[in-house]
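Since the structure comes first, as structure tokens, the remarks are kept for the end.
Chain A is the first sequence line, chain B the second, and so forth, proteins listed ahead of strands; every chain is numbered from 1.
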Number of protein chains: 2
Amino acid sequence: MSVEIKISLNEGLYLKDPQDSELGRNIIKNSIILIEELGIESFTFKKLSIRINSTEASIYRYFGNKHILLLYLVNWYWEWVKYFININTMNITDSKTKLQIIIHSLVFASRENPMVEYVNESKLQKIVISDGMKVYHTKEVDNDNSKGFFRSYSSLAFTVSKVISEVNPSFKYPYALATNLFEMSNNYIFFAQHLPKLTDITAKENENEAVENMLNYFAEKLLA
Amino acid sequence: MSVEIKISLNEGLYLKDPQDSELGRNIIKNSIILIEELGIESFTFKKLSIRINSTEASIYRYFGNKHILLLYLVNWYWEWVKYFININTMNITDSKTKLQIIIHSLVFASRENPMVEYVNESKLQKIVISDGMKVYHTKEVDNDNSKGFFRSYSSLAFTVSKVISEVNPSFKYPYALATNLFEMSNNYIFFAQHLPKLTDITAKENENEAVENMLNYFAEKLLA
DNA sequence: CTATTATTAATAGTATTACTATCTTTATTA
DNA sequence: TAATAAAGATAGTAATACTATTAATAATAG
């Protein structure tokens, strides 16, 4: 017996739904492993096809190119974060506590129970941290946006902005704070590991916990 | 009569100093124009060589690859921002005012007097906004960092963190706030233009001014 | 004011990437 | 059992990211 969970993503993100076939799920599973390993720049459909004993042509039947595949994975990630934020804040009434849970979920997204067996959420989080912002920092951003390719992200921003406004209704930039929490969370996990001079996080502490503390400190001051 | 200003950048960023020759300055000038136009992904040395009536091989004598060239330009940008922050804050004693000038300089970097004729600072800022973070979001980040390729950025972060600590000595994360101001400044200029749903900036206002106001609002609350 | 040296241009070549096309085999379902 | 859809096998192309070599030109040193 297995619990089937299907994440619903914008249909423009694939040519053929990868969740519906063995090959499709294999593409998702192994693209996450390979992109995490090589980085998006060195990742190719050719390399992936060799890894899964398939062919480039077969992968192209699911995703038009690797940029779309990355968009697919990034959207998956934010859907998954949203899902966990929802169930974790469901029975919470205090807005401040809600925001703390949100921050915790952002930082420790990868530690929660895995949802589907073919997605390694820990590696997926690493991809989003390293390559996530590349999906919108392109010349096609307006076109991609018009197709709704950033909807998972902005829908989460909407949810979080509501909580922020609950904590402090007079705070002027609830959206910007929401998205900045997302960006900071990813950025400072990365900085703590690779460019510690850009943070105030000392090597001793657990990095993710340190980032969580920092985000709470920022949020508290901003919404005081 | 011309005032010669030479920006000094990490020597690992080029094979031959482009500031020292006509061809080198032409490479800088036109790479800025082309990268701004095409985005770093579609930019190639081939296209640049055609634009400047030279050859790929000649460009490769200055820069080992386009990633290094981008690093060179990004470092140039931060050196330039630092220079303006320095002269603008030179005679200011009040730390709060200093921070406001820093924020203004970050947002309006491109509007100040151009420093060297072959660098279009306005286009350079657009490149940094769109592609700047790609220089460190790579698998080679640790290696590049060990060579000092992010020194201009982190040295500016150091300067700004000092001012932040002057404003409020008990603020726990002066470095993180400094770098976050840099990132936010670039991010929200970009978001305001392309993904306005992720900000609270309305279409009516001047985008950069709106971003400046937002950064001041954040800084003030955080350092109160 | 030549001779030497450094710089740039011209040309060619290679492995890899990012696809597209076609055809055969295998699995599914009607 | 026939029809159809999915996947595999194979081939091919234009562009990219280089490296190498040789020729032309400019700078400079003796």
Side-chain angles (χ1 to χ4, degrees), chain A residues 6 11-31 34-35 37-73 118 131 134-135 138-140 143-144, chain B residues 4 11-31 34-35 37-73 118 131 134-135 138-140 143-144:
Chain A
K6 210 183 159 187
E11 290 183 11
L13 292 172
Y14 48 81
L15 300 169
K16 201 168 130 41
D17 194 334
Q19 291 181 87
D20 288 349
S21 74
E22 196 60 36
L23 177 61
R25 289 184 292 267
N26 233 262
I27 289 171
I28 294 178
K29 178 176 186 171
N30 288 283
S31 67
L34 251 195
I35 294 173
E37 190 183 318
L38 303 174
I40 192 69
E41 283 80 19
S42 303
F43 168 86
T44 67
F45 280 4
K46 181 85 207 164
K47 289 171 186 168
L48 176 59
S49 73
I50 291 166
R51 178 176 234 274
I52 63 178
N53 284 308
S54 181
T55 62
E56 270 185 286
S58 298
I59 296 168
Y60 274 105
R61 268 183 221 113
Y62 285 85
F63 296 102
N65 55 59
K66 76 171 172 182
H67 181 244
I68 297 269
L69 171 58
L70 182 61
L71 265 165
Y72 182 94
L73 296 177
Y118 56 96
D131 299 316
K134 293 173 192 168
V135 300
T138 70
K139 285 285 166 190
E140 291 77 40
N143 196 251
D144 285 354
Chain B
E4 293 267 327
E11 290 184 11
L13 292 172
Y14 47 80
L15 300 170
K16 200 167 135 35
D17 194 333
Q19 290 181 88
D20 289 348
S21 73
E22 196 60 37
L23 177 61
R25 290 185 291 269
N26 234 263
I27 289 171
I28 295 177
K29 178 177 187 170
N30 289 282
S31 65
L34 251 195
I35 294 173
E37 191 183 317
L38 304 174
I40 193 67
E41 282 79 19
S42 303
F43 168 85
T44 68
F45 280 3
K46 181 86 209 163
K47 289 172 185 168
L48 176 59
S49 73
I50 291 166
R51 178 175 235 273
I52 63 178
N53 284 309
S54 183
T55 62
E56 268 185 288
S58 297
I59 296 168
Y60 274 105
R61 259 182 237 110
Y62 286 85
F63 297 101
N65 54 60
K66 76 173 173 182
H67 181 243
I68 297 269
L69 171 58
L70 182 61
L71 264 165
Y72 182 93
L73 296 177
Y118 55 95
D131 298 316
K134 293 173 192 167
V135 300
T138 70
K139 286 283 165 190
E140 292 76 41
N143 196 252
D144 285 354

Rounded to whole Å, CG of A:D20 lies from P of D:dA6 at a distance of 10 Å
Letter by letter from the 5' end, nucleotides 24-29 of chain D scores (B base, S sugar-phosphate only, - none; protein heavy atoms under 4.0 Å) ------
In this structure, CD of A:E37 is separated from CD1 of A:I35 (nearest 0.5 Å) by 11.5 Å
Next item on the list: Check whether any side-chain nitrogen or oxygen of A:S21 sits under 4.0 Å from OP1 or OP2 of D:dA7, and answer yes or no.
Entry: yes
Between the OG atom in A:S21 and the OH atom in A:Y62, the distance rounded to the nearest 0.5 Å is 2.5 Å
Residue set satisfying side-chain contact (heavy atoms from CB on, under 4.5 Å) with A:S54, at least two apart, ordered chain then number -> A:L23, A:I52, A:S58
Whole-Å distance, A:L23 CG to D:dA5 C1', equals 14 Å
To the nearest angstrom, the CG-C1' distance between A:N26 and D:dG8 comes to 14 Å
When rounded to whole Å, the CG to C1' distance for the pair B:L15 and C:dT8 reads 15 Å
Establish, with yes or no, whether the OP1 or OP2 oxygen of C:dA9 is under 4.0 angstrom from a side-chain nitrogen or oxygen of B:S58.
yes
In whole angstroms, the gap separating P of C:dT7 from OH of B:Y14 amounts to 14 Å
Whole-Å distance, B:I59 CD1 to D:dT19 P, equals 14 Å
Look for any protein N or O under 3.5 Å of an N or O in nucleotides 17-21 of chain C and output each such pair with its distance, or none.
residue : atom : partner : partner atom : Å
C:dC19  : O5'  : A:Y60   : OH           : 3.0
C:dC19  : N4   : A:E56   : OE1          : 3.1

So A:Y62, base contact, sugar-phosphate only, or nothing? Heavy-atom distance under 4.0 Å. sugar-phosphate
Worksheet item: Taking everything shown except A:K29 itself, do over 12 heavy atoms lie less than 6.0 Å from its NZ?
Response: no
(Q) Could you check whether any side-chain N or O of B:K47 sits under 3.5 Å from a backbone N or O of B:S42, counting only pairs where one atom can act as donor and the other as acceptor? (A) yes
For A:E56, the side-chain contact (heavy atoms from CB on, under 4.5 Å) test, sequence neighbours excluded, returns A:F45, A:K46, A:S49, A:Y60
Strictly below 4.0 Å, N to O, side chains only: are B:K134 and A:E41 in salt-bridge contact?
no
Looking only at C:dT8, C:dA9, D:dT10, the nucleotide nearest the B:S54 side chain is C:dA9
Taken to the nearest whole Å, CD1/B:I40 to C1'/D:dA17 is 13 Å
The salt bridge (charged side-chain N to carboxylate O under 4.0 Å, His left out) partners of B:E22 (sequence neighbours excluded) come to B:R25
B:L69 CG to D:dC18 P, in whole Å, measures 12 Å
By side-chain contact (heavy atoms from CB on, under 4.5 Å), A:D20 pairs with (sequence neighbours left out) A:K6, A:D17
